[in-house]
Visitor: 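Below is the structure I would like to discuss, written out as structure tokens.
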There are 2 protein chains.
Amino acid sequence: MTEATTTTRPVLREINDMTGSLAQRVYQSLKEAIMTLELPPGTVLRKGEICSQLGVSRSPATEALTRLAADGLVDVVPQSATRVSYFSMSEIREGAFLREALELAAVEKVARECTAEQLAQLTRSLRLQTLLVEDEDYAGFYEADEDLHHMIMAFTGYARVGTFAATAWLQVDRARQLLLPTPGRILETVEEHRAVIDAIRAGDPEGARHAMQHHLSKLIVKLEPLEQEQPALFRPLPA
Amino acid sequence: MTEATTTTRPVLREINDMTGSLAQRVYQSLKEAIMTLELPPGTVLRKGEICSQLGVSRSPATEALTRLAADGLVDVVPQSATRVSYFSMSEIREGAFLREALELAAVEKVARECTAEQLAQLTRSLRLQTLLVEDEDYAGFYEADEDLHHMIMAFTGYARVGTFAATAWLQVDRARQLLLPTPGRILETVEEHRAVIDAIRAGDPEGARHAMQHHLSKLIVKLEPLEQEQPALFRPLPA
DNA sequence: CTGAGTCAACTAACATGTTAGTACACCAGG
DNA sequence: CCTGGTGTACTAACATGTTAGTTGACTCAG
């Protein structure tokens, strides 16, 4: 009764229905929970808890934590503790900067050498987005939005660009969970996407670049106030 | 006498004089050997050998290999073997693309908001390069060259940009070991650096961007012929 | 009441034992 | 000679035991 139960709850997704090595699965499970804020910043991750909750030994758990540390999603205090990393506005800005650099380069390249089939896929995605907005299906729109961006990066022909961008984007994406989608913003988003795709269709790299830059600049503006609104999620000590 | 000694040689740098955790040190040691081609592509890395050569147990060795796999420097065949990854021209092009994207964004930002002190540091680096060229100190020049690029990325104020760029650049940097520095090229390099810094000094982001793009484009041209010249180092099977 | 010093409990880091998947050599059959 | 199956040796992946560094609570002097 009086015991102070801390974090021993079914927060982690079951790993049995996942694919890959155990370490890979544990990593995915933890990453998901961190990104959705089910494991909020500051949460202490104990190897023992992870092992018992997911039913694995310490080896895969250790590897998972190592990878999360590399991603910057957890902070390891040697010999002491591992915590979910706090938000940091400077890291969020940095992530946005990196993502912008990569995505602008990508869209520029795609505008220069996009095939008809690829263009058709982009156009199809845009039409889907329009439909989802009409249906007010926010979750679906969110997914279609991400798909479009992934598509553009995939069309560069460089497989790892997407991976890199995703890693760079982690801090931004996590913070984005705190933003509520508004109908007005979503309509704007579709129009911004349209501008990007129009420029790609026109084979206008410079135009595509600017359209994408305009699109991406909208997000960071929304994120900036978070530090004031949710100070608890941000680094208590800017160590 | 007749025994076929494979790879059991003092290829790895001693880890005792290094800092950080054992895993970190093993990682550094292996990475260094791979990047300098002392461990050429295709070399099989056995945990056991690494352990005995460096005098550590399998845990830190495993973590090191995991990180190298994440860097794309080794290919792990599950349950079977871990090999130093082969060169791949498409991966090299991809690395160059990523690095260009990041460095152009960086130099653009720096040109926009560079302080007097930072500009002085850049100018100093350029002067040093001039001296090193006169002395025909190629190794020193190589280092000064890298310093300049790191400096520019550091001046963005974003700590991880450099880390990201370094990771993206790994394949390119490894391939670069095969290029012999020529006096003519080095003189050109200094001039290209000068153009970049001049544009930064002038507060001309667009100009700095183009100067840097011109500079970076020179390298990939030199790398392209390598696939024909050293086919053994490239992927035998484009799996 | 407050501060430094001590110590016990807990953790990550490291070492080692165990399991299971892979690849290669060998052999039987065509 | 070549092909397909089988078995063994070897590896990474996983589990578990051990060590050593950190933290925070407790003690006791000021």
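Throughout, a chain's letter reflects where its sequence line sits, starting with A, and its residues are numbered from 1.
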Visitor: Roughly how far apart are B:Leu226 CG and B:Arg176 CZ, rounded to 0.5 Å?
Guide: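 Answer for the CG-CZ pair, B:Leu226 versus B:Arg176, is 12.5 Å.
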Visitor: Measure the distance from CG on B:Leu54 to C1' on C:dC14 and round it to the nearest whole Å.
Guide: 15 Å
Visitor: Just compare C:dA15, D:dA15, C:dC14 and give me whichever is closest to any side-chain atom of B:Ala23.
Guide: C:dC14
Visitor: Side chains of A:Pro41 and A:Arg174, heavy atoms from C-beta outward: is any pair under 4.5 Å?
Guide: yes
Visitor: Tell me which nucleotide among C:dC14, C:dT11, C:dA12 gets nearest to the side chain of A:Val76.
Guide: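 So the nucleotide nearest the side chain must be C:dA12.
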Visitor: From CG of A:Leu45 over to P of C:dT11, roughly how many Å is that when rounded to an integer?
Guide: 12 Å
Visitor: For A:Gln129, which residues count as a side chain to side chain contact (heavy atoms under 4.5 Å, CB included) partner, sequence neighbours excluded?
Guide: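 A:Gln129: side chain to side chain contact (heavy atoms under 4.5 Å, CB included) contacts with A:Ser125, A:Leu126, A:Phe141, A:Ala144, A:Leu148, A:Val190, A:His193.
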Visitor: For DNA chain C, find the residues of residues 25-35 of chain B with a heavy-atom distance under 4.0 Å and give them by number; none if there aren't any.
Guide: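 Those residues: none at all.
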Visitor: State which residues pass side chain to side chain contact (heavy atoms under 4.5 Å, CB included) with A:Glu143; sequence neighbours excluded, sorted by chain then number.
Guide: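 Expected list: none.
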Visitor: Residues two or more places apart in sequence or in another chain: which of them pass ring-ring contact (aromatic ring centres under 6.0 Å, His included) with A:Tyr158?
Guide: B:Phe97
Visitor: Check nucleotides 18-23 of chain D against the protein and report each pair of N or O atoms closer than 3.5 Å, with its distance, or say if there are none.
Guide:
from, atom 1, to, atom 2, distance (Å)
D:dG21, N2, A:Gln79, O, 3.4

Visitor: Specify the separation, in whole Å, of atom CD1 of B:Ile50 and atom C1' of C:dC14.
Guide: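 One finds 16 Å between C1' of C:dC14 and CD1 of B:Ile50, rounded.
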Visitor: Using a 4.0 Å heavy-atom cut-off across all strands, classify B:Ser59 as base, sugar-phosphate, or nothing.
Guide: base
Visitor: Please state how far atom CG in B:Leu65 lies from atom C1' in D:dC14, giving the value in whole angstrom units.
Guide: 16 Å
Visitor: Scan side-chain atoms only and decide if A:Tyr27 and A:Asp71 contain a donor-acceptor pair under the 3.5 Å cut-off.
Guide: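 A:Tyr27 vs A:Asp71: donor-acceptor pair found between side chains.
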Visitor: With the side chain counted from C-beta on, respond yes when B:Phe234 and B:Phe87 share a heavy-atom pair under 4.5 Å apart, and no when they do not.
Guide: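 A side-chain contact under 4.5 Å exists here.
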Visitor: Round to a whole Å and report the spacing from CZ of B:Arg83 to P of D:dT11.
Guide: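 One finds 12 Å between P of D:dT11 and CZ of B:Arg83, rounded.
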Visitor: Can you list the residues that meet the salt bridge (charged side-chain N to carboxylate O under 4.0 Å, His left out) rule with B:Arg93, with sequence neighbours excluded?
Guide: B:Glu224
Visitor: Rounding to a whole Å, what distance do you find between A:Leu22:CG and D:dA12:P?
Guide: 18 Å
Visitor: Counting only side-chain nitrogens and oxygens, does A:Arg46 get under 4.0 Å of the OP1 or OP2 atom of C:dC10?
Guide: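 Answer no for this pair, as no side-chain N or O of A:Arg46 is under 4.0 Å from OP1 or OP2.
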Visitor: Side chains of A:Glu108 and A:Met212: does their closest heavy-atom pair fall under 4.5 Å?
Guide: no
Visitor: Without decimals, in angstroms, what is the distance between B:Asp75 CG and C:dT22 C1'?
Guide: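 Rounded to whole Å, this separation is 17 Å.
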Visitor: Which one, C:dT16, D:dC14, D:dA12, comes nearest to the side chain of B:Lys47?
Guide: D:dA12
